[in-house]
There are 2 protein chains.
Amino acid sequence: MSYTYEYPRPALTVDCAVFGIADSSLELLLIERAEPPFAGHWALPGGFVNIDEEIEDAARRELEEETGMRNVFLEQLFTFGGVGRDPRGRVVSVAYYALAKPSDHQLAAATDAARAAWFPLDDLPPLAFDHDSIIDTAVTRLRGKVRYAPIGFELLPRKFTLTQLQGLYETILGTELDKRNFRKKIRSMELLVDTGEIEKDVPRRPARLYRFDRTRYRKLARQGFAFEL
Amino acid sequence: MSYTYEYPRPALTVDCAVFGIADSSLELLLIERAEPPFAGHWALPGGFVNIDEEIEDAARRELEEETGMRNVFLEQLFTFGGVGRDPRGRVVSVAYYALAKPSDHQLAAATDAARAAWFPLDDLPPLAFDHDSIIDTAVTRLRGKVRYAPIGFELLPRKFTLTQLQGLYETILGTELDKRNFRKKIRSMELLVDTGEIEKDVPRRPARLYRFDRTRYRKLARQGFAFEL
DNA sequence: CCAAAAGTGTTCACGGTACACCCATGC
DNA sequence: GCATGGGTGTACCGTGAACACTTTTGG
């Protein structure tokens with residue numbers, strides 16, 4: 001290597017804000033830290049980026065190591081680098097947000113995490129580092145993006161009812177939506193496929209199950225179609 | 001400091017994609033690198049983050065050092081960390097995008113930059129590192145954000161005509177807009193103040209000069225008002 | 001037959017879009 | 001008086017919002 005610069009370098013970490021929906025409550029996945037600093041505190045899953053590892057790979061690796069989750073929707077959120085944010089010294093963290101279906105994943109804490117658990121977003125425990133402000137940023141991003149990108153589906157099972165989908169938007173956006181208008185709007189986008197199946201074992205009239213047609217969305221998006229609410 | 005981790009660390013840099021409007025062309029500010037790697041190539045202004053320096057401060061410092069620009073609108077864009085993106089080894093860069101009025105700033109290259117100059121976005125020279133992909137990301141962000149946040153004003157003089165404003169949107173979005181509809185829309189937002197002044201020294205009927213009312217915007221925004229194109 | 005949620009259409013108001021001409025100024 | 005851009009209003013259409021009852025199923 002012919003060029004080298006030798007200044008002190010910040011350490012580089014990743015942190016993941018993983019959202020899930022359970023019983024029409026928006027939840028966040030946290031781990032209990034097993035090691036200092038902040039041992040015993042709850043925190044976002046995350047950790048150090050290896051020197052030859054892509055940043056997003058590090059985020060996925062840490063998430064799997066500390067919680068057992070894999071194959072989730074994951075996007076870069078923001079990079080937090082406040083000089084005082086970590087008592088170990090200068091640590092810059094590239095934060096990601098992720099969307100997952102809690103029921104699809106068996107939580108399994110390991111490495112630096114003593115436990116992993118879901119918490120309702122409106123009832124979080126005290127958090128390590130500046131993780132509360134990472135979460136604020138993530139929630140804002142989620143609420144904004146869910147309205148103009150079809151990412152809500154990442155939080156539902158592959159087959160879902162229109163009522164589930166509407167409930168999801170109501171939960172995330174914190175508003176109530178009109179049932180008929182919601183269905184009209186969603187159906188007019190022609191992004192859902194009626195699977196022909198219906199709910200089973202419900203003590204009421206079973207609803208039709210739909211799935212999101214990703215292929216069709218990509219095709220439409222290329223033609224300038226814009227998903228909206 | 002009681003906790004220390006000693007793994008090899010990536011180096012941390014910042015890069016700035018600075019946009020400006022000149023003669024209804026969207027331009028980007030580049031510097032010619034004076035030092036290897038990529039000496040003699042054009043690149044985004046940027047450089048290493050000091051160990052006790054906020055990341056955004058580093059971006060502003062590097063921008064001023066290399067181009068002489070200061071006091072610009074600056075926002076974090078994305079963090080680029082591809083393993084092979086820098087021949088010196090692992091270098092992670094927090095990219096920012098900035099908006100400026102070229103006429104307000106006297107360019108003054110220094111430190112690592114041999115020259116600084118504006119280039120039309122559709123005619124950029126070959127660039128160092130992965131700066132072309134940083135620019136792609138920045139342009140996409142600019143085109144998206146300009147429609148739902150009042151950031152376009154950062155590219156205009158404090159007092160401007162409605163035609164200038166319309167031209168700015170046309171330049172950024174790459175579309176033509178209808179003059180009457182544009183004026184109706186903008187006026188209905190009540191975010192512009194008629195300064196009572198008019199253009200001077202133009203060989204035609206002089207236009208009224210307006211300015212953007214930032215205070216009013218913030219007040220409206222707090223009440224749930226959403227700026228939109 | 002009762003409870004619970006599924007499913008379905010119409011009306012109205014507003015905002016987006018399309019569109020063409022006269023006006024003020026400098027040269 | 002001519003060239004240049006400044007400035008203005010109306011009609012139509014499509015989309016978002018409000019709103020209530022019948023149907024299907026399980027218990």
Side-chain angles (χ1 to χ4, degrees), chain A residues 21 23-25 146-148 150 152 156-157 159-171 173-211 220 224-229, chain B residues 21 23-25 146-148 150 156-157 159-171 173-211 220 223-229:
Chain A
I21 296 264
D23 306 325
S24 59
S25 147
V146 81
R147 298 184 53 174
Y148 64 88
L156 289 179
K159 297 172 186 175
F160 50 84
T161 68
L162 294 182
T163 302
Q164 281 180 298
L165 184 63
Q166 180 179 342
L168 176 142
Y169 279 98
E170 290 178 336
T171 300
L173 299 175
T175 58
E176 300 236 312
L177 301 172
D178 178 85
K179 182 159 65 161
R180 280 171 292 187
N181 292 338
F182 180 81
R183 287 167 180 241
K184 204 189 323 169
K185 185 77 177 284
I186 285 286
R187 261 182 283 138
S188 75
M189 290 192 229
E190 305 189 304
L191 289 173
L192 297 190
V193 181
D194 185 339
T195 62
E197 297 171 62
I198 56 173
E199 287 183 297
K200 284 211 160 23
D201 302 318
V202 288
R204 57 159 188 271
R205 175 175 176 180
R208 302 172 106 80
L209 294 170
Y210 294 82
R211 64 180 176 74
L220 290 174
F225 164 84
F227 180 93
E228 201 183 330
L229 175 59
Chain B
I21 296 265
D23 307 324
S24 60
S25 147
V146 82
R147 298 186 53 174
Y148 64 89
L156 290 179
K159 298 173 185 173
F160 50 84
T161 68
L162 294 183
T163 303
Q164 281 181 296
L165 184 63
Q166 179 178 342
L168 176 141
Y169 279 99
E170 291 177 335
T171 300
L173 299 175
T175 58
E176 301 236 312
L177 301 172
D178 178 85
K179 182 159 64 163
R180 278 171 294 187
N181 293 337
F182 180 80
R183 286 165 182 242
K184 203 190 325 169
K185 183 80 177 285
I186 285 286
R187 262 182 282 137
S188 74
M189 292 192 229
E190 304 188 308
L191 289 173
L192 298 190
V193 182
D194 185 339
T195 63
E197 297 170 62
I198 54 172
E199 288 181 296
K200 284 211 162 16
D201 302 318
V202 288
R204 56 160 189 271
R205 173 176 176 181
R208 300 171 107 81
L209 293 170
Y210 294 83
R211 64 181 175 74
L220 289 175
Q223 292 164 16
F225 165 83
F227 179 93
E228 199 182 332
L229 170 62

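Throughout, a chain's letter reflects where its sequence line sits, starting with A, and its residues are numbered from 1.
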Could you measure the distance from the CG atom of B:L165 to the OH atom of B:Y210? Nearest 0.5 Å is fine. 11.0 Å

What's the separation between atom CZ in A:F182 and atom CD in A:E170, rounded to the nearest 0.5 Å? 8.0 Å

Counting only non-hydrogen atoms, which of residues 182-193 of chain A are less than 4.0 Å from DNA chain D? A:K184, A:K185

Distance check needed: C:dG16 P versus B:L177 CG, whole Å only. 13 Å

Is any side-chain heavy atom of A:K179 less than 4.5 Å from a side-chain heavy atom of A:R183? yes

Separation between CG of B:L220 and CD of B:Q223, rounded to the nearest 0.5 Å: 6.0 Å

Would you kindly give the CD-to-C1' distance between A:E199 and D:dT24, to the nearest whole Å? 12 Å

Grab the CD1-P distance between A:I198 and D:dT25 for me, whole Å please. 7 Å

Which distance, rounded to the nearest 0.5 Å, do you find between the CZ of B:R211 and the CD of B:E197? 10.0 Å

Looking only at D:dA17, D:dG7, D:dG26, the nucleotide nearest the A:N181 side chain is D:dA17

Kindly compute the distance separating CD (B:Q166) from CG (B:L168), expressed to the nearest 0.5 Å. 10.5 Å

Using whole Å, what does the distance between atom P of nucleotide C:dA18 and atom CD of B:E176 come to? 12 Å

To the nearest angstrom, how far is B:K179 atom NZ from D:dG7 atom C1'? 6 Å

Within this structure, what is the CD-to-C1' distance between B:E228 and D:dG16, rounded to whole angstrom? 13 Å

Results of side chain to side chain contact (heavy atoms under 4.5 Å, CB included) for B:T161 - residues two or more places apart only: B:T163, B:Q164, B:E199, B:A207, B:L209

Hey, which sits more toward the 5' end of DNA chain C by its nearest nucleotide, A:R205 or A:R180? A:R205

Whole angstrom is fine here: how far is it from CG in B:D178 over to C1' in D:dG9? 12 Å

Using whole Å, what does the distance between atom C1' of nucleotide D:dT25 and atom NZ of A:K200 come to? 13 Å

Could you pull out the closest heavy-atom pair between A:D178 and A:N181, with the gap in Å? OD2-N, 2.8 Å

DNA chain C-proximal residues of residues 160-168 of chain B, any heavy atom under 4.0 Å: none

Nearest 0.5 Å please: distance from the CG atom of A:L229 over to the CE atom of A:M189. 7.0 Å

